[in-house]
Every structure is written in structure tokens, then in C-alpha cells.
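In what follows, every heavy atom counts, from backbone to side chain, and hydrogens, waters and symmetry copies are set aside. Values in this document were obtained by computation on a predicted structure and should not be read as measured data.
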Amino acid sequence: MIDGTAGVSGRRDADEALLDSPEALAEHDPGGMLRHTASAGAQVRETAALAAEANLAVLADDGRPRAVVIAGIGTAGRTGDVLATVAGPRCPVPVIAHRSAGVPGWVGAADVVIAVSASGRSPEALGAAEAAHRRGARLVAVGAPDSQLQSVAERARAPFIPVPRRAPARASLWALTVPVLLAARSLGLVKVNEADLAETAARLDADADRCRSTAESFVNPAKSLALGLAGSVPIVWGSSPLATVAARRFGDTLSANARYPVVTGALGEAGRGRVGLLDGVFGGLAEGERDIFADPAEDDGEGTRLRLVLLRDGGLNAEDDTDEPLAVEERRADAVRTLAERRGVRCDVVTAEGGSALERLASLIAVPDFASIYLALAHGLDPMAVPAITEMKELSNQ
């Protein structure tokens with residue numbers, strides 16, 4: 001065990017037995033990150049109702065915008081990526097995720113800015129909302145009620161969707177995403193209907209049940225994924241734009257919850273360079289020095305290895321000639337999996353399920369979200385309390 005002066009505590013080696021003890025899991029998760037993550041389906045339903053009360057229909061009064069900018073940082077910024085991928089390549093206007101304070105210099109009265117902040121006080125969202133108001137752009141704000149962000153929206157007479165702050169931002173992805181999608185729907189940019197939202201919420205509920213703490217590792221896909229990743233350097237690649245958003249989300253949660261270094265990205269882009277990682281000192285070279293008769297279960301922990309996670313979309317793009325053909329996506333994923341196997345790099349595959357883009361995205365995010373928390377708990381880490389984040393804020397604010 002490590003207990004440093006910075007408040008860091010935990011163990012370097014994962015304790016597999018801990019994951020099959022609900023009592024031990026609860027003890028190591030005092031902030032309830034498992035519970036908060038299990039609320040994803042409820043988040044979809046609750047914030048859909050809150051967005052319906054915000055009179056987003058007024059956004060359509062001035063017609064289609066020139067561009068939509070989603071301003072926020074961290075999980076709030078990730079909502080812009082979700083909107084862009086759900087809107088798809090046929091979206092009639094650019095959808096831009098903006099993660100810096102203020103807004104791009106070209107933003108003006110013809111554009112829409114959606115400022116997102118779980119706390120309602122992030123400098124990036126507040127700066128963007130203020131700048132949008134000054135420049136005459138249409139504004140929508142999403143965040144905690146009775147916050148600074150709500151005050152800015154009220155001054156600008158802009159719609160505000162109050163999202164109750166019941167969990168850390170990284171466990172509130174769906175609470176922040178649904179209002180962004182519904183604002184975009186009011187602008188005519190996405191086709192997300194009530195059935196899509198209901199099916200997505202049901203999918204998240206079902207995955208939360210599969211990944212519950214009382215389900216043992218051999219039937220719990222999140223625990224199994226966490227144990228497979230333990231002690232490795234994870235590489236997470238998405239086979240499509242939608243799956244790539246899920247891959248980057250998994251990178252966010254692995255870093256913040258489990259404190260693991262991780263490489264994420266698009267599988268197509270990886271094939272132009274990053275696939276070479278499979279040949280490197282953590283991939284094929286490490287395998288070449290390993291005793292082929294050794295029992296993997298008795299690995300002494302020396303020689304950190306890569307672990308590949310492929311998120312496969314299998315998307316419904318047969319009628320969309322602007323998307324890459326599904327057959328190309330499938331061949332590329334199969335090829336990378338074969339390359340990994342030849343180099344002794346183990347590979348986990350999560351395949352999307354569902355009829356709509358939103359439900360498929362949810363199916364690729366839910367199990368990895370839980371896996372990042374179980375991986376943290378296996379190392380004795382509190383997935384909610386991240387001392388380095390607190391110290392970073394303190395040092396920056398000085």
C-alpha cells in the first residue's frame with residue numbers, strides 16, 4: 001500500500017478478490033461513484049423533462065444558424081463530440097466543440113453557442129456565454145441551477161436548462177448531453193425523438209444492472225474488462241466516428257477514475273501510425289522476451305504490456321453514402337485484432353447494440369464507464385477523490 005504526503009493512497013497491484021466483495025467495494029467507494037454511474041438512465045429521463053420545460057422552441061425563431069459551438073471543458077466539452085457524431089456527416093451546419101475560454105473569433109449573430117458546465121461556474125463556459133451575449137449570438141446554457149451560468153443566461157434572456165448537481169461532472173455525461181442534443185433538435189440539426197431517448201435510457205439501465213457490484217466477475221462485463229486491463233497500458237480505438245467518441249470517453253474515465261495512462265483514438269487514424277505501438281517495447285518486443293511456457297496467471301508483474309480495447313460500431317449506415325462503408329470498418333477492425341494476436345497483445349472487444357446512433361453510443365460507453373471504476377477500486381483508489389486534480393486547481397488559482 002502507498003500512502004503519500006499528497007494524500008495518494010492505494011496499491012500498485014490490483015486485488016482481484018476485492019471486486020467480488022460488495023462490502024469491500026462499498027468501503028472503497030465512499031463517494032458512491034458506482035451508484036452515480038448507475039444513474040445514467042435516470043439522467044436521460046430527468047434532463048429530457050427539464051429541457052422540455054426550458055422552451056427551447058424559441059431557438060428556431062431565427063432559423064438555421066451558420067454554426068453551433070458547444071463550449072465547455074472536460075465532460076462538458078465531450079458533449080460537443082457527442083452532438084457532432086449523433087448529428088452525423090449530413091448535419092447541415094458545422095458543430096464545433098470549443099474547450100477554451102471565450103468563443104472563436106468568427107462567432108457572431110448568425111451562430112448559436114451552447115455553454116455547458118456541470119457546476120455552472122467553469123471559466124470556459126462562463127467566458128463563452130458572456131462572449132456570445134456580447135456578440136449577439138443565440139445562447140443556450142446548461143448547468144447547475146442558481147449558478148453563475150444561469151445568471152449570465154438570464155441577463156442574455158437565453159434558455160437555461162438546470163441540471164441538478166448530484167454527481168461529479170465525469171459521472172454526469174448523460175445529464176449534460178441530453179439538453180445539448182435537444183437544443184440541437186430544436187435547431188433542426190439532429191433527429192432525436194422521444195423513443196430514441198427512452199430506448200437509450202433503457203439500455204443504460206440494463207447495462208447498469210449487468211455491471212452491478214453484486215454480480216460476480218465472471219458474469220459482470222465491467223469487472224472482467226477491468227481485470228483484463230489491470231497492470232497494462234491500455235490502447236482504446238474506435239472503429240467509427242461514433243465509436244471513437246466512446247473510446248475517448250473511456251480514456252477520460254480511465255485517467256480520472258483509475259489513474260491509468262491510456263492511448264485513445266480512431267482506428268482508421270491508428271492504421272496510419274499508432275498501430276506501430278503493437279511492435280514496440282510494450283507490445284511485440286516484450287512478448288519476444290517472455291517465456292512461452294510461463295503461466296500468464298503467474299506473471300511477476302515485470303514488463304508492463306499493452307492491452308488493446310476495440311470499440312466496434314457496426315453502425316446502421318447502409319443508407320448514408322457519406323459514411324465510410326461498414327465493410328471497410330469491419331475489415332480494419334478484424335485486421336488490427338489479428339495484428340494484436342500475432343504479437344501477443346491481448347484484445348477486448350465491445351460491440352455496439354441498438355437501433356439509433358444515441359443508443360449505440362450508450363452501449364459503448366456504459367460498460368467501460370463501470371470498468372474504469374472497478375479498476376480504481378481494485379487498486380484501492382477512491383474513484384471520486386483525485387488529489388492531483390484538487391492540487392492542480394489550488395496551484396493554478398494562486
Side-chain angles (χ1 to χ4, degrees), residues 1-4 6-43 75 118 165-175 201 203-232 234 236 246 249-262 297 299 301 307 309 346 348 350 362-390:
M1 294 288 290
I2 300 171
D3 190 356
V8 180
S9 61
R11 62 180 67 86
R12 190 180 189 283
D13 297 322
D15 181 356
E16 297 185 13
L18 185 147
L19 295 189
D20 285 329
S21 169
E23 296 78 13
L25 289 171
E27 179 183 348
H28 286 78
D29 185 23
M33 279 292 282
L34 285 172
R35 174 172 48 82
H36 292 313
T37 301
S39 74
Q43 291 177 29
T75 301
R165 187 78 187 274
R166 297 197 174 100
R170 62 183 181 277
S172 304
L173 174 67
W174 295 100
R203 172 75 57 182
L204 291 167
D205 287 343
D207 283 336
D209 184 62
R210 293 167 61 214
C211 299
R212 66 191 184 278
S213 62
T214 54
E216 296 184 350
S217 298
F218 66 91
V219 295
N220 186 320
K223 290 181 180 180
S224 298
L225 181 56
L227 292 174
L229 291 172
S232 72
V236 188
R249 162 67 178 180
F250 196 17
D252 294 342
T253 57
L254 279 174
S255 297
N257 294 335
R259 284 66 135 177
Y260 263 55
V262 58
D299 195 335
R307 183 81 177 208
V309 180
R346 293 175 185 165
D348 297 285
V350 180
S363 73
L364 290 175
I365 287 176
V367 171
D369 269 6
F370 278 100
S372 70
I373 298 172
Y374 284 125
L375 185 55
L377 296 173
H379 284 285
L381 295 166
D382 180 350
M384 180 176 287
V386 187
I389 294 177
T390 304

For the residue pair [X] and [Y], what are the closest heavy atoms and their distance?
{"X": "Ser363", "Y": "Val350", "result": "O-CG1, 4.2 Å"}
{"X": "Asp20", "Y": "Lys223", "result": "OD1-NZ, 4.0 Å"}
{"X": "Ala24", "Y": "Leu18", "result": "CB-CG, 3.9 Å"}
{"X": "Ala256", "Y": "Val386", "result": "O-CG2, 3.4 Å"}
{"X": "Leu377", "Y": "Pro383", "result": "CD2-CD, 3.7 Å"}
{"X": "Leu204", "Y": "Ala366", "result": "CD2-CB, 4.0 Å"}

### Task
Not counting sequence neighbours, which residues clear side-chain hydrogen bond (donor to acceptor under 3.5 Å, both in side chains) with Arg166? List them please.
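For Arg166 the side-chain hydrogen bond (donor to acceptor under 3.5 Å, both in side chains) partners, ignoring immediate neighbours, are Glu46.
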I need the [X] [atom1] to [Y] [atom2] distance, nearest 0.5 Å.
{"X": "Met384", "Y": "Arg170", "atom1": "CE", "atom2": "CZ", "answer": "7.0 Å"}
{"X": "Leu225", "Y": "Ser217", "atom1": "CG", "atom2": "OG", "answer": "11.5 Å"}
{"X": "His36", "Y": "Ser172", "atom1": "NE2", "atom2": "OG", "answer": "8.0 Å"}
{"X": "Asp207", "Y": "Asp369", "atom1": "CG", "atom2": "CG", "answer": "10.0 Å"}
{"X": "Ser39", "Y": "Trp174", "atom1": "OG", "atom2": "CH2", "answer": "12.5 Å"}
{"X": "Tyr374", "Y": "His28", "atom1": "OH", "atom2": "NE2", "answer": "14.5 Å"}

### Message
Walk me through whether Asn220 and Leu19 qualify under side chain to side chain contact (heavy atoms under 4.5 Å, CB included).
### Response
CA-CA 10 Å; Asn220 186 320; Leu19 295 189; over 6 Å; no
### Message
Ala206: which residues meet the side-chain contact (heavy atoms from CB on, under 4.5 Å) condition with it, sequence neighbours left out?
### Response
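So Ala206 forms no side-chain contact (heavy atoms from CB on, under 4.5 Å) with any residue.
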Short question: side chain of [X], backbone of [Y] - any donor-acceptor pair under 3.5 Å?
{"X": "Arg210", "Y": "Val219", "result": "no"}
{"X": "Arg165", "Y": "Ala167", "result": "yes"}
{"X": "Asp348", "Y": "Gly228", "result": "no"}
{"X": "Thr253", "Y": "Phe250", "result": "yes"}

### Message
What I'd like to find out is whether the side chain of Ser21 reaches to under 4.5 Å of the side chain of Glu27, using heavy atoms alone.
### Response
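Ser21 vs Glu27: side chains apart.
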### Query
Does the side chain of His379 reach to within under 4.5 Å of the side chain of Tyr260, using non-hydrogen atoms?
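Touching, per the 4.5 Å side-chain cut-off.
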### Query
When you look at Asp252 and Arg249, which way does the salt bridge (Lys or Arg N to Asp or Glu O under 4.0 Å) test go after all the steps?
CA-CA 5 Å; Asp252 294 342; Arg249 162 67 178 180; 5.4 Å; no
#### Entry: Qualifying residue, where the test is side chain to side chain contact (heavy atoms under 4.5 Å, CB included) with Asn257 and the options are Thr37, Ile373, Leu375
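Of the listed options, the one satisfying the test is Ile373.
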